[in-house]
2 protein chains.
Amino acid sequence: MRLNIAEVAKRAGVSTATVSRVLNNSPLVSRRTREKVLEVIKELGYVPNHVARSLRSKKTGLVATIIPYSADYVFNFPYFSIFIREVTKRLAEDGYHLLLTTEEPDDDPVRIYRTFLDRKIVDGFIILDLKENDERVKFLKDRMAKFVVVGRAKDCDDLPSVDTDNMSGAYKATSYLLDRGCRRVLFINGPKEHSVSIWRKEGYKAAYKKKGLKIEKSLILNGDFMETSGYELVKNFRGRFDAIFAASDLMAIGALKALKEMNRIVPVMGFDDIPQASMVTPTLSTIRQPIDRVGYEVADSIVSYLEKGEKISKVLDVELIIRESTEVD
Amino acid sequence: MRLNIAEVAKRAGVSTATVSRVLNNSPLVSRRTREKVLEVIKELGYVPNHVARSLRSKKTGLVATIIPYSADYVFNFPYFSIFIREVTKRLAEDGYHLLLTTEEPDDDPVRIYRTFLDRKIVDGFIILDLKENDERVKFLKDRMAKFVVVGRAKDCDDLPSVDTDNMSGAYKATSYLLDRGCRRVLFINGPKEHSVSIWRKEGYKAAYKKKGLKIEKSLILNGDFMETSGYELVKNFRGRFDAIFAASDLMAIGALKALKEMNRIVPVMGFDDIPQASMVTPTLSTIRQPIDRVGYEVADSIVSYLEKGEKISKVLDVELIIRESTEVD
DNA sequence: TTGTAGGCGTTATCAC
DNA sequence: GTGATAACGCCTACAA
């Protein structure tokens with residue numbers, strides 16, 4: 001025997017329309033009818049079929065996050081899992097679920113987005129790893145899709161977004177090093193086109209300006225957030241420097257390794273505050289990002305967008321954490 | 001204008017049935033008709049609606065993984081992300097997608113499973129963090145749900161499953177320490193009821209037996225896989241020991257910290273080979289688990305189950321990695 | 001080889 | 001307040 005709305009209706013001696021009304025808390029049902037229907041529902045253990053609802057309502061209750069294939073470091077970022085947990089938790093509060101998937105290599109970066117939109121698999125997207133002139137953003141805008149980005153690109157401030165205050169973070173980090181008397185802070189930034197890199201560079205520069213110091217462009221390098229790139233960039237750097245500020249803890253750790261091999265000691269500052277930061281030797285000074293709140297807020301934002309059409313954007317504060325790596329002398 | 005199968009049919013001058021046949025590669029379509037239909041499909045940019053298909057076929061193409069709330073360490077396990085990547089990659093090969101979510105705290109552990117089954121949101125499940133007499137397994141079996149477990153419980157060997165050879169791993173680790181002349185290997189196992197803990201304990205014991213040595217039960221402790229538990233267990237241990245084997249790298253790292261504070265040096269072996277293992281000081285000897293293959297195989301298994309009804313189980317080899325932490329003298 | 005038509009389970013629009 | 005009934009978009013007997 002099929003357990004559907006018709007069966008419930010039959011047993012309760014009402015029409016399917018009435019059952020549906022009860023299910024959707026419509027006020028257009030008398031108290032008595034509602035109670036009777038609820039009783040039957042409970043008795044039969046009836047639960048509405050989500051797919052049928054989706055077909056009717058044209059909403060699947062699914063939000064997709066697609067990890068760019070190039071963005072290995074997203075996965076290597078130990079806090080990624082906390083981010084995911086907070087996202088799914090917030091989504092569930094409104095009955096949404098997270099579809100998580102990865103891009104294929106050598107692939108059109110918007111292929112999966114197109115598939116999900118064409119086949120109407122998801123209601124919205126969360127975009128990670130934002131770049132300037134991001135193809136995905138362009139595509140989704142074009143298709144009038146609903147999405148929220150993590151990060152802020154300068155070319156799309158009309159988008160709902162959640163970001164940490166990368167500029168302020170880089171400013172704090174750099175200022176701290178300058179305050180300690182350092183003058184040539186080697187800045188190992190992330191990839192050039194990434195929105196976080198752009199903001200962090202601004203922060204770095206702002207700190208120099210504030211102190212009235214001249215910025216030396218050759219001190220600004222671009223890594224890929226991974227440990228090896230921090231290691232290599234320091235190892236191969238031919239100029240002078242008296243401190244290092246890396247745009248990720250992993251690169252900072254790589255930098256520390258390189259310094260050790262080169263038998264040099266200078267203050268080193270990271271960014272993120274991943275678990276390793278407090279476990280390596282020396283423990284790493286860094287900028288802590290509230291990754292859990294980023295997860296919560298981005299989920300909150302996409303839900304608001306989907307349910308109420310509200311485009312919410314937030315910038316979250318970051319915190320300077322001083323440990324051993326900057327306290328060398 | 002709605003773009004659906006009927007519209008395509010109209011434009012191609014055929015019936016919806018024919019279009020459907022073309023879409024599903026039925027041989028019951030003439031070459032000419034097929035080409036014509038495909039042409040129209042291309043021209044209109046028609047793509048079948050996934051939800052409508054799901055309703056008809058009673059398959060959503062979704063596989064759920066639900067992270068137990070208690071299993072924080074799953075998230076703290078840095079390789080979790082690699083696991084997810086491999087899972088989604090393999091699922092996508094057959095058109096499946098991953099629904100990832102977290103349990104709510106203080107909640108019936110099978111609540112989410114029930115919801116997903118009742119509402120028919122997903123086709124199958126991947127179960128992580130398996131325990132003996134696992135409630136979730138019991139529930140899903142009861143409901144005749146399709147699922148694959150990561151791990152092997154002794155009470156359910158009829159389930160499709162993927163596991164690493166935990167027993168062999170623990171055997172290798174313990175044997176290595178015994179071969180070095182250690183006799184009192186403090187074994188910091190995971191939580192008692194976890195299937196991995198049970199297998200690893202077997203391996204530990206087997207190594208002792210093989211050497212004809214007596215097993216000292218007081219040397220076997222239970223932690224929770226996290227760093228602090230390794231630290232505390234060692235710090236508070238009152239017996240004698242001349243080596244440590246921890247069932248996770250994180251606990252091994254905690255143990256190393258405790259030893260350092262206690263001014264003691266003994267060989268320490270971990271389990272997992274997480275990234276930190278090669279970054280801490282001293283670098284950590286450990287048992288490497290092929291987490292990427294676990295991801296691939298578990299996805300492969302659930303797809304085979306869903307598509308062909310085949311229950312596939314696999315046990316994957318692990319590898320002994322010797323670094324500095326065991327080479328102390 | 002192709003078409004007709006019913007049904008998957010729900011919701012929304014009408015009437016009553 | 002409540003009940004028929006027609007969609008939503010697709011697939012599949014069954015008939016032709």
Side-chain angles (χ1 to χ4, degrees), chain A residues 1-41 44-62 95 115-123, chain B residues 1-41 44-62 95 115-123:
Chain A
M1 177 61 255
R2 284 208 178 81
L3 183 45
N4 52 26
I5 207 169
E7 180 66 17
V8 173
K10 203 165 75 187
R11 301 247 194 160
V14 298
S15 73
T16 60
T18 300
V19 177
S20 179
R21 287 192 190 99
V22 171
L23 254 20
N24 295 284
N25 294 313
S26 159
L28 302 172
V29 190
S30 77
R31 185 196 195 65
R32 288 198 47 195
T33 315
R34 158 166 283 120
E35 276 165 9
K36 182 164 195 176
V37 170
L38 286 175
E39 198 184 328
V40 173
I41 285 176
L44 298 181
Y46 164 80
V47 179
N49 180 308
H50 185 254
V51 174
R53 274 196 166 162
S54 300
L55 181 60
R56 256 317 306 221
S57 65
K58 309 215 160 289
K59 289 180 182 174
T60 64
L62 262 31
T115 304
F116 282 176
L117 283 177
D118 284 345
R119 315 185 91 104
K120 310 199 168 58
I121 294 180
V122 303
D123 296 340
Chain B
M1 175 60 255
R2 283 208 178 82
L3 184 46
N4 53 24
I5 207 170
E7 180 66 18
V8 174
K10 203 167 76 186
R11 301 248 194 160
V14 299
S15 72
T16 60
T18 301
V19 176
S20 178
R21 288 191 189 100
V22 171
L23 253 22
N24 295 284
N25 293 313
S26 158
L28 302 173
V29 189
S30 77
R31 183 196 197 65
R32 287 198 48 197
T33 314
R34 158 166 284 118
E35 277 167 7
K36 181 163 194 178
V37 170
L38 287 175
E39 197 184 328
V40 173
I41 285 177
L44 298 181
Y46 165 79
V47 180
N49 180 310
H50 185 254
V51 174
R53 275 195 166 163
S54 300
L55 182 59
R56 248 324 296 226
S57 65
K58 310 214 159 290
K59 288 180 184 176
T60 64
L62 260 33
T115 304
F116 282 176
L117 283 177
D118 284 346
R119 315 187 91 104
K120 309 201 170 55
I121 294 180
V122 304
D123 296 340

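Letters A, B, ... mirror the listed sequences (proteins, then strands); counts begin at 1. Just so it is clear, the values below take in all heavy atoms, side chains as well, and ignore hydrogens, waters and symmetry mates.
Atom CD in Glu35(B) sits about 15 Å away from atom C1' in dT1(C), given to the nearest Å. dG3(D) atom P lies 13 Å from atom CG of Leu28(A), rounded to whole Å. Per the geometry, NZ belonging to Lys36(A) stands 14 Å off C1' belonging to dT2(D), to the nearest Å. Distance, Leu55(A) CG to dT11(C) P: 11 Å, rounded to whole Å. Atom CG in Leu23(A) sits roughly 11 Å away from atom C1' in dG9(C) (whole-Å rounding). Between Glu7(A) atom CD and dC8(C) atom P there is a gap of 12 Å when expressed in whole angstrom units. Rounded to whole Å, the distance from CZ on Arg32(A) to C1' on dT2(D) is 14 Å. Atom CZ of Arg119(A) is separated from atom C1' of dG9(D) by 13 Å (rounded to the nearest Å).
Side-chain to base pairing of Arg53(A) with dT10(C): no donor and acceptor N or O lie closer than 3.5 Å to each other. If you check distances only, the side chain of Arg56(A) does reach the base of dA7(D) with a donor-acceptor pair under 3.5 Å. For Arg21(A) against dG3(D), a side-chain-to-base donor-acceptor contact under 3.5 Å is present.
Distance from the side chain of Asn24(A) is smallest for dT11(C) among the nucleotides dT11(C), dT2(C), dA4(D). The side chain of Val14(B) has dG3(C) as its nearest neighbour among dG3(C), dG9(C), dG9(D). Checking dT10(C), dC8(D), dC10(D) against every side-chain atom of Ile5(A), the shortest atom distance belongs to dT10(C). With distances taken from any side-chain atom of Ala17(B) to the nucleotides dC11(D), dG3(C), dT1(C), the minimum falls on dG3(C). Of the candidate nucleotides dT10(C), dC11(D), dG9(C), dC11(D) has the atom lying nearest to any side-chain atom of Ser20(B).
Of the side-chain N and O atoms in Lys120(A), none sit less than 4.0 angstrom from OP1 or OP2 of dC8(D). Residue Arg2(B) places at least one side-chain N or O under 4.0 Å from the OP1 or OP2 atom of dG9(D). Residue Asn49(B) places no side-chain N or O under 4.0 Å from the OP1 or OP2 atom of dG9(D). For Thr33(A), a side-chain nitrogen or oxygen approaches OP1 or OP2 of dT2(D) to under 4.0 Å. An OP1 or OP2 oxygen of dG1(D) is reached within less than 4.0 angstrom by no side-chain nitrogen or oxygen of Ser30(A). OP1 and OP2 of dA4(D) both lie 4.0 Å or more from every side-chain N or O belonging to Ser15(A). Checking the phosphate oxygens (OP1, OP2) of dT11(C), no side-chain nitrogen or oxygen of Lys58(A) falls inside 4.0 Å.
In this structure, CG in Asn4(A) is found 9.5 Å from OG1 in Thr16(A), a value given to the nearest 0.5 Å. For the atom pair CG of Leu44(A) and CD of Glu7(A), the computed distance is 6.5 Å after rounding to the nearest 0.5 Å. Of the inter-residue distances, the one linking Thr115(B) atom OG1 with Ile121(B) atom CD1 reads 7.0 Å to the nearest 0.5 angstrom.
Checking Pro48(A) against Pro27(B), the closest nucleotide of DNA chain C that is more toward the 5' end is the one next to Pro27(B). Comparing Ala6(A) and Arg31(B), the nucleotide of DNA chain C nearest to each residue sits closer to the 5' end for Arg31(B).
With a 4.5 Å cut-off on side-chain heavy atoms, Ser20(A) and Asn24(A) count as touching. Contact check for Val14(A) versus Val40(A): no side-chain heavy atoms found under the 4.5 Å cut-off.
The two residues Asn49(B) and Ala52(B) come nearest to each other via the heavy atoms OD1-N, 3.0 Å.
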